[in-house]
Amino acid sequence: MQAALHPARPEPLQTAGLPQAWREPPSRARLDQAIAAALAAVARNAVHFGEYFPKPSSTGGVYPAMDNTEWTNGFWTGMLWLAYELSGKPEFRGVAETHVASFDRRQRERIATNHHDLGFLYSLSCVAGHKLTGSEQARTAALGAAELLLERYYPGAGIIQAWGDLNDPAQRGRMIIDCNLNLPLLYWASETSGDLRFRDAANRHIEQAARHIVRTDGSTYHTFFFDADNGQPREGKTHQGYSDDSCWARGQAWGIAGFPLVARHNGDTRLLELGKVLANYYLNRLPADGICYWDLIFTDGPEERDSSAAAVAACGLLELASRLPLLDPLRAEYERAAAGMVLTLSEHYFNHDGAPGAGLLRHAVYHKPNRIGVDESCIWGDYFYLEALTRLSRIWEPYW
Ligand code: GLY
Ligand code: GLY
């Protein structure tokens with residue numbers, strides 16, 4: 001019997017507080033309509049961006065184009081792979097393959113790789129490309145990225161540093177909840193190469209995240225500092241949330257998605273229990289239409305929603321539900337909530353604008369405290385919306 005990871009137990013889920021409309025079974029016709037609209041937007045933007053990428057967030061609803069130098073570029077390539085799987089159309093694959101070559105060069109030449117988001121970047125571009133086409137270039141590039149990610153691991157503290165140079169005093173020893181989604185790259189690297197260094201680092205990091213970034217009430221810090229050398233926990237701080245003791249909605253969503261995705265790789269069912277803790281905290285703090293505000297401290301009023309956090313959470317709930325026993329009553333509740341969330345996004349947040357470069361989901365927030373991408377589209381929101389539609393409509397093997 002393993003030691004408990006975390007003392008928190010899930011809050012009872014307040015199902016009466018969730019939108020009434022979510023109790024209806026999702027209709028296949030509505031889902032198919034949502035998928036068709038999303039695929040039309042991806043097809044339009046594949047022609048528009050070509051070998052370039054959308055910026056992390058839109059301006060006036062339209063993404064400016066950029067080179068492959070941000071932490072977010074993999075989301076767009078991931079959307080092309082999903083569109084290829086959903087439609088079978090070779091034009092999506094063709095553009096995604098030009099991106100794989102760009103990601104290969106990026107890791108070889110270390111272009112803007114001095115951060116932990118290598119998992120977001122390479123799982124969705126190169127691991128996906130390898131899984132779908134068998135490309136050796138994609139596999140080699142993703143393994144190279146996993147090596148770069150491992151350079152950020154402190155064995156003494158058992159954590160991967162999120163941002164900046166390892167000797168930067170402002171960043172040294174900082175882990176962030178978002179990193180949960182970067183760990184699947186490390187597990188994949190061990191699975192494909194037989195080299196267990198990647199898996200061992202990921203196992204240590206996820207335990208530190210479980211113990212320290214999750215608070216006793218089931219909410220999460222965005223970021224947490226450790227002494228990088230001896231691993232002493234120091235303090236939790238926000239970066240993109242309202243305050244150090246509030247709960248940044250997307251951080252909570254990264255946790256809902258990330259703990260179960262890691263459990264898929266390492267089989268630690270304690271991470272599923274923790275997923276329930278985070279999921280119930282999140283679901284119990286939604287406004288009337290079920291799409292979260294940018295920080296869960298807000299449950300009504302004029303603050304902005306973060307549709308991108310809702311899309312991440314929907315995928316997380318579906319991943320978590322898929323790992324729970326059939327007799328767990330939360331399993332059906334999470335599936336219902338995820339399907340309801342996705343259909344609400346498609347009916348009330350989808351951008352029908354049709355302009356070249358336009359985002360898919362309106363009303364997301366990138367960084368409210370720094371006033372970046374507030375009430376705009378965010379490319380990860382669009383990615384997870386399409387991943388959620390994929391998960392709802394077919395049996396799907398994650399790229400994670
Ligand atoms: N500001 C969030 C990030 O770059 O990961
Ligand atoms: N990973 C940075 C963000 O969610 O904005």
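One-based numbering, in listed order, for ligands and for the atoms of each.
- With ligand atoms numbered from 1 in the order given, ligand 2 contributes 5 (O) to contacts under 4.0 Å with heavy atoms of Tyr366.
- Within the structure, ligand 2 lacks Trp163 among the residues with a heavy atom less than 4.0 angstrom away.
- Considering only heavy atoms from C-beta on, Pro19 stays 4.5 Å or farther from Thr344 through its side chain.
- The shortest N or O to N or O distance between Trp254 and ligand 2 is under 3.5 Å.
- Residue-to-ligand polar distances keep Asp117 apart from ligand 2: every N/O pair is separated by 3.5 Å or more.
- With a 4.0 Å heavy-atom cut-off, ligand 2 is reached by no atom of His367.
- Aromatic ring orientation, His367 versus His239: perpendicular (interplanar angle above 60°, classes split at 30° and 60°).
- In summary, the atoms of ligand 2 found under 4.0 Å from a heavy atom of Gln240, numbered by their order in the structure, are 3 (C), 5 (O).
- Closest to atom 2 (C) of ligand 2 by heavy atom, among Ile177, Asp306, Ile176, Asp178, is Asp178.
- Listed by atom number, the atoms of ligand 2 under 4.0 Å from Arg250 heavy atoms are 3 (C), 4 (O), 5 (O).
- Take Glu207 and apply the salt bridge (charged side-chain N to carboxylate O under 4.0 Å, His left out) test, not counting sequence neighbours, and it matches Arg211, Arg270.
- Residues Asp229 and Arg172 are paired through a salt bridge, judged by an N-O separation under 4.0 Å between the basic side chain and the carboxylate.
- Annotation: side chain of Leu361 is not in contact with side chain of Asn351 (no heavy-atom distance under 4.5 Å).
- The shortest side-chain heavy-atom distance between Leu324 and Tyr334 falls under the 4.5 Å cut-off.
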